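Since this is a predicted model, take the numbers as computed values, not measurements.
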Amino acid sequence: QLQLVESGGGLVHPGGSLRLSCAASGFGFSSAAIGWFRQAPGKEREGVSCITSSGGHTTNYGRGRLTISSISRDNAANTVYLQMNSLEPEVSAVYYCAASTQHPNYWCSDLQSEFKYWGQGTQVTVSS
């Protein structure tokens, strides 16, 4: 059982940067692939980035390719970080992290159904 808590969201000007954190508690973080997703008002939730449980592979999806500078994990701190740069108003959304412990250590995906544990989300607003 994993509990996830996102933090680091807020209001940022266009072109600015944010680093989101996903802090985990419970059992299994080091064997969990962690995905980041976002949902804008009136839109479906979509995947933006993922890091394997081994930490050896990361993938950015969709518009995440434009704004995600890096995704990283610190297993000692049970935390995954998402660094976003050159932010645009179009990426304003609630950002969620999610964990999957049911796959090999090289696995990552943007399929939401594959992630069992979810955080409550953190709001990111990009506006002048």
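We find the CD1-SG distance between I51 and C97 to be 12.5 Å, quoted to the nearest 0.5 Å. The CG atom of N75 sits 5.5 Å away from atom OG of S30, with the distance rounded to the nearest 0.5 Å. To the nearest 0.5 angstrom, Q123 atom CD is 7.0 Å from S92 atom OG. Separating the CG atom in L82 from the CD atom in E6 is a distance of 11.0 Å, to the nearest 0.5 Å. The OH atom of Y106 sits 11.0 Å away from atom OG of S54, with the distance rounded to the nearest 0.5 Å. Here the straight-line distance linking atom CD1 of I34 with atom CG of N78 works out to 9.5 Å at 0.5 Å rounding.
Take Q1 and apply the side chain to side chain contact (heavy atoms under 4.5 Å, CB included) test, not counting sequence neighbours, and it matches Q3, Y117. Every side chain to side chain contact (heavy atoms under 4.5 Å, CB included) that Q102 has, sequence neighbours left out, goes to S100. With sequence neighbours excluded, the residues that form a ring pair (Phe, Tyr, Trp, His ring centres under 6.0 Å) with F115 are F37, W107. Legend: residues meeting salt bridge (charged side-chain N to carboxylate O under 4.0 Å, His left out) with E114, ordered by chain and number and at least two apart, are absent.
Contact record, A93 with A40: CB-N, 3.7 Å, taken as the closest heavy-atom pair. Considering all non-hydrogen atoms of both residues, D110 and G47 come closest at CB-CA, 4.2 Å. Counting all heavy atoms, side chain and backbone alike, A99 lies closest to A32 at CB-CB, 4.1 Å. Summarising the geometry of S109 relative to C50, their closest heavy-atom pair is N-SG, 3.6 Å, with the distance given to 0.1 Å. Heavy atoms only, all atoms of each residue included: V124 and L20 are closest at CG2-CD2, 4.0 Å. The shortest non-hydrogen separation linking G8 to T122 is N-OG1, 4.2 Å.
The ring-ring contact (aromatic ring centres under 6.0 Å, His included) analysis of residues 69-98, with sequence neighbours excluded, yields no pairs.
Clustering of Ile, Leu, Val, Met, Phe, Trp and Tyr by side-chain heavy atoms under 4.5 Å joins F27 with none of the others.
Remark: side-chain polar atoms of S21 are not paired, donor with acceptor, to backbone N or O of A23 under 3.5 angstrom. Not one N or O on the side chain of S53 forms a donor-acceptor pair closer than 3.5 Å with the backbone of A33.
With V126 as reference, V91 is the one residue of L18, L11, V91 to meet the side-chain contact (heavy atoms from CB on, under 4.5 Å) rule.
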| Working for side chain to side chain contact (heavy atoms under 4.5 Å, CB included), residues M84 and R19 | CA-CA 6 Å; M84 302 190 295; R19 188 176 79 158; over 6 Å; no
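Judged by distance alone, the side chains of T52 and N105 never bring a donor and an acceptor atom under 3.5 Å apart. In summary, the side chains of S17 and N85 do present a donor paired with an acceptor at a separation below 3.5 Å, with no hydrogens or angles considered.
Side-chain contact between T101 and F29: absent, with no pair of heavy atoms (C-beta onward) separated by less than 4.5 Å.
Tracing side-chain contacts under 4.5 Å through hydrophobic residues (I, L, V, M, F, W, Y), one never reaches W118 starting from Y61; they form parts of separate clusters.
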